[in-house]
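Worksheet for the structure shown next.
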There are 2 protein chains.
Amino acid sequence: METDRLDSRKMAILNAIIRNYLETGEPVGSRTISKFTDLSLSSATIRNEMADLEELGYLVQPHTSAGRIPSDKGYRLYVDKMMEEKVEEVNNMKEVLDQKADRIENLLKKVAKLLAVNTNYASMITTPKYRSRKLKFIQLTNVDDEHLLAIIFLEGNIPKNKVIEADHRYEESVLLKLNIVLNSLLQDLDLEEINMNIIQKIKEQAGEDSALIGRVLDAIAEAIREEDNIEVYTSGATNILNYPELSGDDSARKLLYTLEDKQELAELVDDKLSSVDSEHKRTKGDIQVYIGNETPIDSMKNCSVVTATYEIEEGVYGKVGIIGPKRMDYDKVVGTLKTLMTQLDEIFRKK
Amino acid sequence: METDRLDSRKMAILNAIIRNYLETGEPVGSRTISKFTDLSLSSATIRNEMADLEELGYLVQPHTSAGRIPSDKGYRLYVDKMMEEKVEEVNNMKEVLDQKADRIENLLKKVAKLLAVNTNYASMITTPKYRSRKLKFIQLTNVDDEHLLAIIFLEGNIPKNKVIEADHRYEESVLLKLNIVLNSLLQDLDLEEINMNIIQKIKEQAGEDSALIGRVLDAIAEAIREEDNIEVYTSGATNILNYPELSGDDSARKLLYTLEDKQELAELVDDKLSSVDSEHKRTKGDIQVYIGNETPIDSMKNCSVVTATYEIEEGVYGKVGIIGPKRMDYDKVVGTLKTLMTQLDEIFRKK
DNA sequence: GTTAGCACTCAAGTAAATAGAGTGCTAACA
DNA sequence: TGTTAGCACTCTATTTACTTGAGTGCTAAC
């Protein structure tokens, strides 16, 4: 693969062609390059070089008498070797910083929107994923004669509420006892570690109130599962419609469809994006760029996807990505994501 | 307005035209009707009647030599007088019933999706709106040396958690005292009723811990405000792209845009849909039908919107709506919404 | 190795021709 | 007076042929 080394002139020409195409979206002709660059070569010479570049697979001709456009391989080379990252401001980032986003999901939604507005492409962001959730602390409280409230603290200081049906009102002293039993036996365990053995022990110690224990454990399981569920927020999906190369065929339609169904999208991103990552590490800094067919998600095969991984605390991370046409402004997108990453970092460290 | 009473034959013809147009989406010609109906009239006669109906404003001709299509006024008459509600099954409704939707927002999301899948149009549903939220019960608990947890129960048995920063660990006995003070003074008050007078009283009784009170009150305010915020969930927005009359011009694009920005959509639905309701009560049972320009939301002026109001408990209600092309299957949509309403009713009563 | 020049290709736009669905109107009929 | 047959007319949509222009590949000369 690496046999086809390009001499510096070919590189310069390819670079010029891609840059021009990214700007205009029109196939680029030899004359344009001849004038556009300071190589001072005639169009005929450029034509020869272009023919070579096409043979090498970096360029493609939509039809015989049109100019050239970059192939996926061409884009790849551009991203790997020619791109000049711009340092991009993320506009209005202060706003996000300012509003105290106590709920992380609100923060994530804001970030997605910001990215979409700044880039004019579509964006998505997942909730952070914990390796596994452990129970830190549980407390039962009376609500009324028929309901108890279980406050469940998971690793990462996430409090969850679960209302539990009760057949009668429990004495405060009984609840105190139950709370102690539950915490002493369950603390720092995750779902897999709570086995029948432990459950039996709890029931024994609970004595006559063991009927309640089943429901409490259900509540815990539910809380942990809920928090394990990755969610995805998207923004600017409709921006996709602005790019004729996508809205022409029904790529855009399929893409919108994928972006709309958050449930499915979450699975896709979790399964596919993560697994491909390790496989071919086409990485630029901490940023991954998937061009066209490199993307593991079918409905994005006519697009490019740029993703980054944010870390909210040691080992707890999520993905953020931008989806646009293959001729997206890679320089800008990568730059934007990079500054976003550092800014997010600041927010999370501060917390 | 009510001067132009239509004789029964005109009604029959108009009915036939609209039904045919709803099915095919193509302008309807006189010959079609002549054969399609059992009126046994020649096409020429139908033509005369059609000319009359056009003059009266019920039909419209896209261009001279095309058939007729219904005007908004025509649709209106159809919906008010001619529609035969079908009793529509809502497929897979059991699924929703089955899964215990402990969080209402999950239930609402499911419902939206169900509607979209069943009808092939776009759907939206708002979270229920309380007139005002009162505080039922608050409890402070220790988390660790630097944090307290405030569990805040609002009217409607909605528990909310707020983590509060603390400068030191509080004794259990102190917390107990604070809890009693807070509850005795704040119970059953809403935001407006918590005034400086009351706040002063609490601080007096809290004594040396009054510093904490400010933060607790902030937490309460936040919890109430959060719950007051109406949210909207949508589904099937991309279905809109299936209707050429919308995706032709950029109605669909604008509509998708509106449906994507939940924040803005929530405001629109809250402001506009509710206010128009009382104004011109174009109601069919409990269902409102907005045809074309009747819709108060700009980006939906080329569509029809059918909404219903669900009640989750006495005085607490939300809106659910379906957005489709003007030539939507009103019979089906209205039927679907009606059965949905009764089914939702069952769910909420049972709770 | 570079360049000028020329014949060739192909998409896109323009213009004219055709087909077909549907109308409005008139005149005749019951 | 209401209904119908018939015919000329209108307008869109589709097809076909023609033209334009950008861009190429190749050859021959520098």
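Lettering follows sequence order; numbering is per chain, from 1. All values reported here derive from a predicted model rather than from experimental measurement. Below, each value reflects all heavy atoms present in this structure, side chains not excepted, and no hydrogens, waters or symmetry copies.
- When the nucleotides dG24(C), dA5(D), dA11(C) are ranked by their closest atom to the side chain of H63(A), dA11(C) comes out on top.
- In this structure, M50(B) atom CE and dG22(C) atom P are separated by 9 Å, rounded to whole Å.
- Considering only side-chain N and O atoms, R9(B) lies under 4.0 angstrom from the phosphate OP1 or OP2 of dT3(D).
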(request) Could you go through the salt bridge (charged side-chain N to carboxylate O under 4.0 Å, His left out) check for R19(B) and D331(B) one step at a time? (result) CA-CA 10 Å; R19(B) 294 203 119 84; D331(B) 308 57; 3.4 Å; yes
(request) Please lay out, stage by stage, how D261(B) and K113(A) fare under the test salt bridge (charged side-chain N to carboxylate O under 4.0 Å, His left out). (result) CA-CA 9 Å; D261(B) 192 336; K113(A) 183 153 190 183; 3.1 Å; yes
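- Axis angle across the helix from dG1(C)-dC30(D) to dA30(C)-dT1(D), with five pairs used at each end and values rounded to 10°: 20°.
- OP1 or OP2 of dG24(C) sits under 4.0 Å from a side-chain N or O of R68(B).
- Residue contacts shown for T64(A) are limited to sugar-phosphate atoms, with no base heavy atom under 4.0 Å away.
- Separating the CD atom of E55(A) from the P atom of dC26(D) is a distance of 11 Å, rounded to the nearest angstrom.
- R47(A) has no side-chain polar atom (N or O) that falls below the 4.0 Å cut-off from OP1 or OP2 of dC26(D).
- Listed nucleotides: dT4(D), dG23(D), dT3(C). Nearest to the side chain of S65(A): dG23(D).
- A straight line from CD1 of I69(A) to P of dT24(D) spans 13 Å, rounded to a whole angstrom.
- N48(A) places its CG atom 11 Å from the P atom of dG1(C), with the value rounded to the nearest Å.
- Evaluated for a side chain to side chain contact (heavy atoms under 4.5 Å, CB included) with L59(B), the options D52(B), V28(B), L14(B) yield exactly one hit, L14(B).
- Every residue two or more places apart in sequence or in another chain that forms a side-chain hydrogen bond (donor to acceptor under 3.5 Å, both in side chains) with E49(A) is listed here: R9(A), K10(A).
- Going from atom CZ of F36(A) over to atom C1' of dG23(D) covers 18 Å, rounded to whole Å.
- Just one of K301(B), M300(B), E260(B) meets the side chain to side chain contact (heavy atoms under 4.5 Å, CB included) condition when paired with L255(B); it is M300(B).
- Residue S30(B) is classed as a sugar-phosphate contact, given heavy-atom separations below 4.0 Å to backbone atoms only.
- Residue contacts shown for A66(A) are limited to sugar-phosphate atoms, with no base heavy atom under 4.0 Å away.
- Summarising the geometry, the separation between CD1 on I46(A) and C1' on dG25(D) is reported as 15 Å, rounded to the nearest angstrom.
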(message) Is there a salt bridge (charged side-chain N to carboxylate O under 4.0 Å, His left out) between R76(A) and D80(A)? Walk through the geometry before answering.
(response) CA-CA 6 Å; R76(A) 182 83 264 163; D80(A) 288 343; 3.5 Å; yes
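- Side chain of Y121(B) to main chain of D329(B): a donor-acceptor pair is present (N/O by atom type, distance under 3.5 Å, no hydrogens or angles).
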